[in-house]
Student: 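Quick one: structure below, then a few questions.
Letters go in sequence order (proteins before strands), and every chain restarts at 1.
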2 protein chains.
Amino acid sequence: MREVNPKVFVSAKMVAERAGVSRSAVSRTFTDGASVSEETRRKVMEAAEALGYHVNHLARQLRERSNIVCLIVSDMTTPVRAGMLESLTRKLQAAGKITMVINTESNEESVGRALKLTLHYRADATVVLSGTPSSSLVHTALANGQQVVLINRDDGLHGAQNVGVDNGMAAKEALFLLRRAGCRRIGLLTSQARTPSLLARERCFTAAASACNLEVTVFEAGPTGYRSGYEAARRVFARSVSPDGVFCVTDLLALGFMDGARQEFGLKIPEDLCVIGFDNIEQAGWEAYQLTTFEQPLDRMAGHVVDLLTLPEPLPEPLRGRQSGGAAIFEPLPVWRRSVRAKPA
Amino acid sequence: MREVNPKVFVSAKMVAERAGVSRSAVSRTFTDGASVSEETRRKVMEAAEALGYHVNHLARQLRERSNIVCLIVSDMTTPVRAGMLESLTRKLQAAGKITMVINTESNEESVGRALKLTLHYRADATVVLSGTPSSSLVHTALANGQQVVLINRDDGLHGAQNVGVDNGMAAKEALFLLRRAGCRRIGLLTSQARTPSLLARERCFTAAASACNLEVTVFEAGPTGYRSGYEAARRVFARSVSPDGVFCVTDLLALGFMDGARQEFGLKIPEDLCVIGFDNIEQAGWEAYQLTTFEQPLDRMAGHVVDLLTLPEPLPEPLRGRQSGGAAIFEPLPVWRRSVRAKPA
DNA sequence: TTGAAAGCGATACCAC
DNA sequence: GTGGTATCGCTTTCAA
């Protein structure tokens, strides 16, 4: 049924020639709602089939929107990023969009380069999952009629659309849980990556503590990740006074911290130490950890992003996420597991 | 510096008009190696800057190759997939390619739909990370001059280029390790997803065992993942005779299996039970597991894929991976940790 | 219903 | 060095 290898993409022209019709006829055959006779359509389809023709969407959308959405992301092996990527690609596809992924460092320059690329590829929209582009670049994108969506950037850029999670609520709840467990020396473990989300969690947690006249010791680990959490535990528990309740700004840090505390100091969780994380990555539910944490509603957030990109108007009421200063903020879901005591030891 | 919002992508024509030159001049300014006077270039750059112009690569590549590479993948949150995706996107970008990600189910029909999409988008190449497209579709792609690369499909399709890992070698080594540890009742845990790779690991492992006159009990878990491993342990150790050494076809299964064995039956690893995995995902190195496993050289494999797509000729000798029947096979790297005893208990 | 022709944004080839 | 023109693959008038 199929012809010899042309080593070149089959074009509508080739199909037209073979079917003995005009190229317009071919175009119409593949445009729904266009008027073609049954006879012509049959001839065209037959030729197309034989040649292995596929409409060139890139050329088609030379006149209209490209339907391309760019995802700018760094550290995509991280469970949260991978999860967001999965959700976004799936939903975008379902909405008929094409997803272009740009893997970048999270510094402003790299993100900027990536954003320029999206302009070169005429993406209808860009979704930034990590890092923050300079506001002047965002404006260039906007000026080119491109939508820009920023995820989990609490320092939301003017002009861009922001989608995020309510860090403050989780931080407050975390403090409450640690207090209820009877923890007396409360700590917070953050990472050296001072992203807006992590900073917000830290700020809200310490603020909530001061409000109760509680002192919180802040520990800073290395880059966000398991290893950093582990090493942090090493340092934290080598001190004369060490915490008995710690809120870690991400699950990955928390899991490493738990392992470090148990392995290096023989601490029992939650008897000797209570730990709370943030994100609810899959591993937090693993038997070895059973980490109490807060779930980022990735799927709902992704859904909202897709709505922003597909719905014609500024999202109608009722909103899917709470709106605040132009940002859609989603409530994280507390997930109670076994890394925190239910009451004082 | 920047003009009012045109709400439409800026084109070379607009730049030309503003700079008072021809559109050819604009084109030349952005084509390196073209001859433009300093004066003209300056005027063009100034106008481009003011308007926020970016060359439209989609239109440019109407005449030449698109530079687009499509990645077809399912279950991208899985550590191995996420890792491969990370490596591929990074290297492809470095090679000047644009990456489109198609998130799909792994059944033939979904993969087929995805492959057709890549044709619509004139991708120069398609890399299939999961699932196998029908061979007729692969031929259509090939006939359109598109390269097709299949990763870890041991049933390698004719025409497509295959890149994989040597499952047989790992399986044999796994058996050796379990025997050296003095295990007497050896088992193999596989998943219900009977992908070519997993089947190969199973086949080679049992074959190696028969060669030593050893019997291997094969257990089948649910879908590849932690939960399935955990549940499998539940069933496996509820039996009157249970294994004391198990090769799990993926790390995720292994980790769940370990937790199940420890949590539900109080087994000590490696004293009571030796476990070996495959993939060397990050979590395998976590303190709670310290799983002995085999590392898939994702980075080297990705590098090879990119070579296939960028090097003009069929890859020259010396090859980066062992060549076998047109497939590039990479050796997995044994990673010795603590889930297997070094000698009999 | 059909084919011819214009146009989308960019590049290559021409004369000038 | 420069501007005009054809061309890439496609959709969309517009006449027939």
Student: What integer distance in Å separates B:H57:NE2 from C:dC8:P?
Tutor: 20 Å
Student: Among C:dT2, D:dG3, C:dG3, which nucleotide sits nearest the side chain of B:V21?
Tutor: D:dG3
Student: When you measure from the side chain of A:D75 to the backbone of A:T78, do you find a donor-acceptor pair of N or O atoms at a distance under 3.5 Å?
Tutor: no
Student: Determine the contact category for B:S27: base if any of its heavy atoms lies under 4.0 Å from a base atom, sugar-phosphate if only primed atoms, P, OP1 or OP2 are that close, otherwise nothing.
Tutor: base
Student: Does B:M84 offer a backbone N or O that forms a donor-acceptor pair with the side chain of B:S87 under 3.5 Å?
Tutor: no
Student: Is there a donor and acceptor pair, one atom on the side chain of A:R122 and one on the base of C:dG9, closer than 3.5 Å?
Tutor: no
Student: Quick check on DNA chain C: between A:E39 and B:V26, whose nearest nucleotide comes earlier from the 5' end?
Tutor: A:E39
Student: Rounded to the nearest angstrom, tell me the gap between atom CG in A:L62 and atom P in D:dT12.
Tutor: 13 Å
Student: Which residue in the set B:L71, B:I98, B:V127 passes side-chain contact (heavy atoms from CB on, under 4.5 Å) when paired with B:L92?
Tutor: B:L71
Student: Specify the separation, in whole Å, of atom CG of B:D32 and atom P of C:dT11.
Tutor: 11 Å
Student: In whole Å, I'd like the distance from the NZ atom of B:K13 to the P atom of C:dT11.
Tutor: 16 Å
Student: Closest-nucleotide mapping onto DNA chain D: is B:R41 or A:R60 further toward the 5' terminus? I mean the 5' end.
Tutor: B:R41
Student: Consider the side chain of A:R28, meaning its heavy atoms from C-beta on, and name the nucleotide among D:dC10, C:dA10, D:dT13 that approaches it most closely.
Tutor: D:dT13
Student: Roughly, in whole Å, what's the span from CZ in B:R65 to C1' in D:dG9?
Tutor: 15 Å
Student: A:S37 has a side chain; which of C:dT1, C:dA12, D:dT2 sits nearest to it?
Tutor: C:dT1
Student: I want to check one thing: is the phosphate of D:dG9, taken as OP1 and OP2, less than 4.0 Å away from some side-chain N or O of B:Y121?
Tutor: no
Student: Report yes if a donor N or O on one partner sits less than 3.5 Å from an acceptor N or O on the other, where the partners are the side chain of B:R23 and the base of D:dG4; otherwise report no.
Tutor: no
Student: Let me spell it out: for each of B:E38 and A:A59, pick the nucleotide of DNA chain D with the closest heavy atom. Which residue's pick is nearer the 5' end?
Tutor: B:E38
Student: CZ of A:R42 versus P of C:dT2: gap in Å, rounded?
Tutor: 12 Å
Student: Measure from the side-chain heavy atoms of A:T40 and tell me the nearest of D:dT11, D:dT2, C:dT2.
Tutor: C:dT2
Student: The side chain of A:T31 lies closest to which of these nucleotides: C:dC13, C:dG9, D:dT12?
Tutor: D:dT12
Student: Please determine, for the side chain of B:A25, which listed nucleotide (D:dG3, D:dT12, C:dT11) has the closest atom?
Tutor: D:dG3
Student: So, A:N144 side chain and B:V10 main chain: donor-acceptor pair closer than 3.5 Å or not?
Tutor: yes
Student: Over how many whole Å does the gap from B:N56 atom CG to C:dA10 atom C1' extend?
Tutor: 7 Å
Student: Given 3.5 Å as the limit, does a donor-acceptor pair link the side chain of A:T89 with the main chain of A:L85, or not?
Tutor: yes
Student: Answer yes or no: side-chain N or O of B:S24 and base N or O of D:dG4 forming a donor-acceptor pair under 3.5 Å.
Tutor: yes
Student: Ignoring backbone atoms, establish whether B:S22 has a side-chain N or O less than 4.0 Å from OP1 or OP2 of D:dG4.
Tutor: no
Student: Could you tell me whether A:R42 and A:E38 make a salt bridge, using a distance below 4.0 angstrom between a side-chain N and a carboxylate O?
Tutor: no
Student: Using whole Å, report how far NE2 of B:H54 lies from C1' of C:dA10.
Tutor: 16 Å
